[in-house]
Peer 1: 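Have a look at the structure that comes next, please.
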Amino acid sequence: MKAIISFIAVLALAAIAYAGVAMGNMQYLFGVVIPYLAVATFVIFMILRVLKWGSSPNPFRIPTTCGQQKSLPWIKHSKLENPSNVLGVAGRMALEVLFFRSLFRNLKLQTHQGSQLAYGEAKWLWAAGMAFHWSFLIILIRHLRFFTEQVPASVKLAEGLDSFLQIGTPLLYITDVVLLAAVFYLFLRRIGIPQMRYISLVNDYFPLFVILGIGLTGVLMRYFYKADIVSVKMLAMGLVGFNPSVPQGIGPLFYVHLFLICTLFAYFPFSKLVHMGGVFLSPTRVLANTSRVKRHVNPWNYPVHVHTYEEYENDFRAKMKDAGLPVEKE
Ligand code: HEM
């Protein structure tokens with residue numbers, strides 16, 4: 001049901017953009033006003049999110065670790081699993097962000113030989129996650145050609161590598177196929193595994209359908225119903241140069257693509273997708289484990305009157321001796 005609600009919501013969004021442009025001639029609204037509003041929403045609310053995260057008190061070192069802490073010289077230190085300095089943290093973060101290292105260790109609890117519980121390999125989620133995120137990034141890099149006067153060499157290189165199979169005209173991009181397949185797998189996993197279906201919310205399905213919609217409309221524009229790329233580039237350049245104009249001749253399919261992208265951008269700061277920024281601000285990941293080397297004192301500790309054992313013994317020494325209790329000072 002939740003999947004159906006999300007699917008209908010995305011279908012409705014696509015229909016709104018299509019009808020708005022095809023019947024209502026609202027190119028300026030969908031091509032200029034909404035993109036600016038979406039980017040402004042993204043920027044403002046992401047900044048607010050980061051400020052909120054930044055203002056959370058975090059006086060102690062709380063990194064998650066799974067290896068030997070830096071200790072005595074003859075005990076082997078696990079530099080990546082338990083980083084003791086910025087370099088170690090940077091290495092661990094790079095492996096996490098670029099290769100989803102912690103997800104690679106994902107395990108599945110299953111029954112084995114009858115009733116015996118055992119942990120098994122579970123790499124499909126990692127593989128689909130990697131495939132999805134990397135293809136998304138490469139597609140974004142390739143799209144830079146719409147936003148730059150001279151297409152940068154790195155973008156051309158990405159295009160060349162991505163289409164190296166030389167299939168069809170226009171050349172098939174590997175990332176198009178991989179992105180759609182990976183997102184579809186992530187959706188099937190949610191509805192196919194009963195436990196996953198049980199915990200999945202509208203907010204889990206919605207981004208999947210939006211991204212699927214963006215990918216499908218993009219693929220349709222590239223391979224089936226060609227968009228006027230020159231006009232699209234004029235529109236894109238106008239938008240980034242804050243001198244927007246809407247060229248004629250861009251079909252409604254492009255505006256559906258753009259509207260779904262705007263939806264994704266505006267929705268981003270309020271959704272689980274903020275993990276993109278959150279991973280860099282997560283104290284359990286970005287702190288080095290210096291909890292033994294350095295004494296971390298809670299800065300808002302108020303002075304507490306303590307009664308030391310020494311004082312206690314001074315107060316009760318005579319009574320303690322009478323009761324036969326051992327004392328430290330005679
Ligand atoms: C979240 C951002 C975006 C994603 C994930 C995305 C995804 C895609 C995909 C998968 C394709 C299929 C062909 C290809 O891979 O190049 C495509 C094509 C296309 N996209 Fe996007 N897109 C995004 C943003 C944009 C933006 C901002 C524009 C507007 C300037 C745009 C305009 C186009 C056009 C015109 C095509 C057809 C390209 C061609 O015919 O070669 N896209 N998009």
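Counting starts at 1 for both ligands and their atoms, in listed order. Position 1 is the first residue of the sequence; numbering continues from there.
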Peer 1: Nearest protein heavy atom to atom 6 (C) of ligand 1, by residue and atom, and its distance?
Peer 2: I214 CG2, 3.5 Å
Peer 1: Looking only at N, O or S atoms in H257, which is nearest to atom 21 (Fe) of ligand 1?
Peer 2: NE2
Peer 1: Looking only at heavy atoms of R145, does any of them come nearer than 4.0 Å to an atom of ligand 1?
Peer 2: yes
Peer 1: Does some non-hydrogen atom of Y223 fall short of 4.0 Å from ligand 1?
Peer 2: no
Peer 1: Mark up the atoms of ligand 1 that fall under 4.0 Å of a heavy atom belonging to F147, in ascending order.
Peer 2: 27 (C), 30 (C)
Peer 1: Only heavy atoms of R142, strictly under 4.0 Å: list the atoms of ligand 1 that pass.
Peer 2: 14 (C), 15 (O), 16 (O)
Peer 1: Please tell me whether M221 and F224 are part of a single hydrophobic cluster in this structure, the criterion being side-chain heavy atoms less than 4.5 Å apart.
Peer 2: yes
Peer 1: Any atoms of ligand 1 less than 4.0 Å from a non-hydrogen atom of F136? List them with their elements.
Peer 2: 1 (C), 5 (C)
Peer 1: At what distance, to the nearest 0.5 angstrom, does OH of Y185 lie from CH2 of W124?
Peer 2: 7.0 Å
Peer 1: Mind listing the closest non-hydrogen atom pair of R197 and I191 along with its distance?
Peer 2: NH1-O, 2.6 Å
Peer 1: Please state which part of T175 comes within less than 4.0 Å of ligand 1, counting heavy atoms only: side chain, backbone, both or neither.
Peer 2: neither
Peer 1: How far is atom 37 (C) of ligand 1 from its nearest protein heavy atom, and which residue and atom name does that atom have?
Peer 2: M221 CB, 3.9 Å
Peer 1: If we set the cut-off at 4.0 Å for heavy atoms, which region of I229 has an atom near ligand 1: side chain, backbone, both, or neither?
Peer 2: side chain
Peer 1: The test is side-chain hydrogen bond (donor to acceptor under 3.5 Å, both in side chains); show your working for T290 and H296 and say whether it passes.
Peer 2: CA-CA 9 Å; T290 55; H296 299 277; 3.0 Å; yes
Peer 1: Quick one: is the NZ or CZ of K123 closer than 6.0 Å to the six-membered ring centre of F104, and within 45° of its axis?
Peer 2: yes
Peer 1: If you define the side chain from C-beta out and look only at heavy atoms, does anything of F268 sit under 4.5 Å from M276?
Peer 2: yes
Peer 1: Measure the CZ-OH distance between F7 and Y205 for me, rounded to the nearest 0.5 Å.
Peer 2: 14.0 Å
Peer 1: For D176, counting its heavy atoms only, list the atoms of ligand 1 lying under 4.0 Å from any of them.
Peer 2: 10 (C), 12 (C), 13 (C), 14 (C), 15 (O)
Peer 1: Hydrophobic cluster membership, with links at side-chain heavy-atom distances under 4.5 Å among I/L/V/M/F/W/Y: are F265 and Y36 in one?
Peer 2: yes
Peer 1: Could you measure the distance from the CD1 atom of I214 to the CD1 atom of I139? Nearest 0.5 Å is fine.
Peer 2: 10.0 Å
Peer 1: So, for T148 and L144, which heavy atoms are closest and what is the spacing to 0.1 Å?
Peer 2: OG1-O, 2.8 Å
Peer 1: Heavy atoms only, cut-off 4.0 Å: how does H143 contact ligand 1, side chain, backbone, both, or neither?
Peer 2: side chain
Peer 1: Identify, for atom 23 (C) of ligand 1, the protein heavy atom at the shortest distance, and state residue, atom and that distance.
Peer 2: I261 CD1, 3.4 Å
Peer 1: Any atoms of ligand 1 less than 4.0 Å from a non-hydrogen atom of L140? List them with their elements.
Peer 2: 1 (C), 2 (C), 3 (C)
Peer 1: Is any side-chain heavy atom of V89 closer than 4.5 Å to a side-chain heavy atom of P83?
Peer 2: yes
Peer 1: Please work out which of G215, A227, G218 has its closest non-hydrogen atom nearest to atom 11 (C) of ligand 1.
Peer 2: G218
Peer 1: Which atoms of ligand 1 sit under 4.0 Å from any heavy atom of F254?
Peer 2: 29 (C), 32 (C)
Peer 1: Could you tell me whether some N/O pair between Y173 and ligand 1 is separated by less than 3.5 angstrom?
Peer 2: no
